[in-house]
Amino acid sequence: MKNTVAYNPRTIFLDNTQASKTLLIGVALVSIIYFIFITFFITPSNYWLYGILIVGEIFHLWQIISYIITVWDTKSTNIYDKTFSPEVDIFITVAGEPIEIIKQTAVAAKNIIYPKFEVYLLNDGFVAKKDNWKDVEELAKDLNIHCITRKIPHGAKAGNINNALLHTSSDYFVVFDADHIPSKDFLQKTMGYFIDERVGFVQTPQYYKNHTQNLVTEGAWRQQELFFGAICKGKNKTNSVFMCGTNMVLKREAIMEAGGMCETNIAEDFLTSLFVHSKGWKSVYVPEVLAEGLAPEDFMSYYKQQFRWARGSLEIIFKYNPLFNRGLSLSQKLQYLASASYYLSGVVFLLNMILPLIFLFTGNVPLVNSSMIIALVFIPYIYLVMYILQRSSNFTYSFKGLAFSMSSFMIHIQALFAVLSGQKNGFSITSKTQVSGNFIHLNWMHLVYIGISAIGTSYYLYSNGITASLFANITWIMLNIIIIFPFLRASLPELQKNKSNQSLEYLETVPINSNLTIDK
């Protein structure tokens, strides 16, 4: 009888996922062969379209090779001493989240088992003009923990943390978002890595306990699985893990040497990590779920979150390009560039989507050769690429994750425009409760694409009839529509029905600790 293993979303993406070196080399070779074949052995038809195609293939090859380098070795070699237990300050960043959510995180933080620590609510509700900022102060009194309420706004979340550092003194501090409930052994599992005096910060995964709630939470989680699984484990090997905003422990000296938490970028954690690494400090990734949080529960919140990440990451390329940072190692430069350039993938996907539409209206194509010849090379190439994503992620990578990543092209393009134009964007807190509404308007470009595809197909059929080229291009169009469909569906209003305040229900019914009573 075949043995079966129960699927546990809290652990499966972190299980041993080391792909064989032979497989990784094979995928790299196939990818290079496919690129060479498309570039040098296929006759161009329209040089403008051919140029667009080749630019996209160069970007895809970069993504594949950088991913293979990242997951080449995911085994940790960091030094750990469980007896190392210095005093720690625990910061819970707050900016108007529901009191019920803040309370459960604060109670869990207070119940952490560790020799000496203090819990602080970093209350930004006043500067963020939230109605419940006084309630946060009252909560701190009720729980007998500290509350630091800012009265002068600057630097959003980074400014909130920097302000707290002025009012505290421990050599180490933890940062939790208001909705990320830590386990009792969080500090026991992380502080031991600071026995290495050059470790500047320790990052643990984000886990979305509400990932089964709706299409948005599921799509957001599927993207996170790949990142916090194979990618972060691989980055750990090359001292290239970056801070992810929550569930992390930081060494005060390292952050101060880097100039504090960066207040000039809306992805403050990413850029601060670059500065910390450039000063010679090390990072550690602990592949164990030690805190549970909430995914954005509606499409608008997801959209804002992804824009913030894309905007901040792309700024790394255009303002702080790691290639020119002398303090980073070659591996670190590659890893930072690979992570930041991910948010250019939307531009490439959109260009690839447009190519078959151009054919429908003009008959122009990038390549002369038959689609059958190209397919013979493309199919094994794309199969192996998808397989290596599956294999290295312990087979958790899904179509939903792919669909959300590729369908975010409008978010990526808007973020790129904001960076290139110098547009100012405020820091937006991801909502911790579901926002109801119809957000299909955010996907207007997706709808336009479907409409133009239908019009173009009718036009081509009227002008030329059924041809082999029409079949090939319609196949690509249908594939694109299949990919963007889950994204479109997630923005529809029916997802909001009977879902109000479900985030609170998750916190109440599925706590990370079996006992969340306050330790007196």
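For clarity, every value in this text was computed on a predicted model and none was experimentally measured.
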Output the distance between atom CD1 (Ile52) and atom CD (Glu57), rounded to the nearest 0.5 Å. 13.0 Å

Under the side chain to side chain contact (heavy atoms under 4.5 Å, CB included) rule, what do Phe13 and Leu226 come out as? Steps first, then yes or no, please. CA-CA 7 Å; Phe13 73 105; Leu226 183 63; over 6 Å; no

Counting only heavy atoms not in Tyr459, do more than 12 sit closer than 6.0 Å to its OH atom? no

If you measure from CG on Asp15 to OG1 on Thr396, what distance do you get to the nearest 0.5 Å? 9.5 Å

Do Ser469 and Thr467 have a side chain donor and acceptor closer than 3.5 Å? no

Which atoms form the tightest heavy-atom contact between Leu14 and Gly229, and what is the distance? CD2-CA, 4.3 Å

Report the distance from atom CG of Leu121 to atom OG1 of Thr149, rounding to the nearest 0.5 Å. 8.5 Å

About how many Å separate CZ of Arg150 and CG of Asn160, when rounded to the nearest 0.5 Å? 5.0 Å

Lys/Arg N to Asp/Glu carboxylate O, Asp124 vs Lys130, below 4.0 Å: no

Taking every non-hydrogen atom, the tightest pair across Asn236 and Tyr285: OD1-N, 2.8 Å

Please check if atom CZ in Phe485 has more than 12 non-hydrogen atoms from other residues, nucleotides or ligands closer than 6.0 Å. no

Using a distance-only test with no angle check, is there a side-chain donor-acceptor pair under 3.5 angstrom linking Thr204 and Glu288? no

Gln414 CD to Arg311 CZ distance, which is reported to the nearest 0.5 Å: 12.5 Å

All heavy atoms of Ala310 vs all of His412, minimum pair found to be CB-CD2, 4.4 Å

Test item: Leu49 and Leu53 side chains (from C-beta on) under 4.5 Å apart, heavy atoms: no

Phe378 atom CZ, over 12 foreign heavy atoms within 6.0 Å: yes

Note: Ile38 and Tyr50 closest approach over all heavy atoms is O-OH, 3.8 Å

Run the ring-centre check on Phe404 versus Phe487 and record whether the distance is less than 6.0 Å. yes

Walk me through it: do Phe270 and Tyr336 pass the test ring-ring contact (aromatic ring centres under 6.0 Å, His included)? CA-CA 9 Å; Phe270 192 25; Tyr336 273 103; 5.5 Å; yes

Looking only at side chains, do Ser408 and Tyr343 share a donor and an acceptor under 3.5 Å apart? no

Taking all non-hydrogen atoms of both residues, which atom of Val385 and which atom of Ser31 are closest, and how far apart? CG2-OG, 4.0 Å

For atom CD1 of Ile466, is the number of surrounding heavy atoms from other residues, nucleotides or ligands below 6.0 Å larger than 12? no

Phe318 vs Leu420, test: side chain to side chain contact (heavy atoms under 4.5 Å, CB included). Steps then yes/no. CA-CA 8 Å; Phe318 294 99; Leu420 296 179; 3.8 Å; yes

When you compare the side chains of Asn210 and Glu297, does any donor N or O come within less than 3.5 Å of an acceptor on the partner? yes

Could you check Leu122, Asp177, Asp269 and say which one makes a side chain to side chain contact (heavy atoms under 4.5 Å, CB included) with Lys157? Asp177

Test item: side-chain donor near acceptor, His277 and Ser283, under 3.5 Å: yes

Check the surroundings of atom CH2 in Trp48: do more than 12 heavy atoms from other residues, nucleotides or ligands lie under 6.0 Å from it? no

Whether Arg222 and Glu225 form a salt bridge (side-chain N of Lys/Arg under 4.0 Å from carboxylate O of Asp/Glu) is what I want to check. yes

Decide ring-ring contact (aromatic ring centres under 6.0 Å, His included) for Phe409 and His446; before the verdict, give the C-alpha distance in whole Å, the side-chain angles of both, and the deciding distance to 0.1 Å. CA-CA 10 Å; Phe409 59 86; His446 303 67; 4.5 Å; yes

With distance as the sole criterion, is a donor-acceptor pair present between the side chains of His180 and Glu292 under 3.5 Å? no

Between Tyr207 and Phe228, does the ring centroid distance fall short of 6.0 Å? no

Does the plane of the ring in Tyr320 sit parallel, tilted or perpendicular to the ring in Phe275? Use 30° and 60° as the thresholds. perpendicular

Grab the two heavy atoms, one from Ser339 and one from Phe242, that are nearest each other, plus how far apart they are. OG-CE2, 3.5 Å

Going by atom types alone, do Ser491 and Tyr303 pair a side-chain donor with an acceptor below 3.5 Å? no

Can you check side chain to side chain contact (heavy atoms under 4.5 Å, CB included) on Ile90 and Phe186, steps first, answer last? CA-CA 11 Å; Ile90 297 178; Phe186 183 91; over 6 Å; no

Does OH belonging to Tyr383 count more than 12 external heavy atoms closer than 6.0 Å? no

Hey, mind stepping through Val276 and Met243 against side chain to side chain contact (heavy atoms under 4.5 Å, CB included) and telling me if it holds? CA-CA 10 Å; Val276 169; Met243 302 176 202; 4.0 Å; yes

Separation between NE2 of His60 and CD1 of Ile64, rounded to the nearest 0.5 Å: 8.0 Å

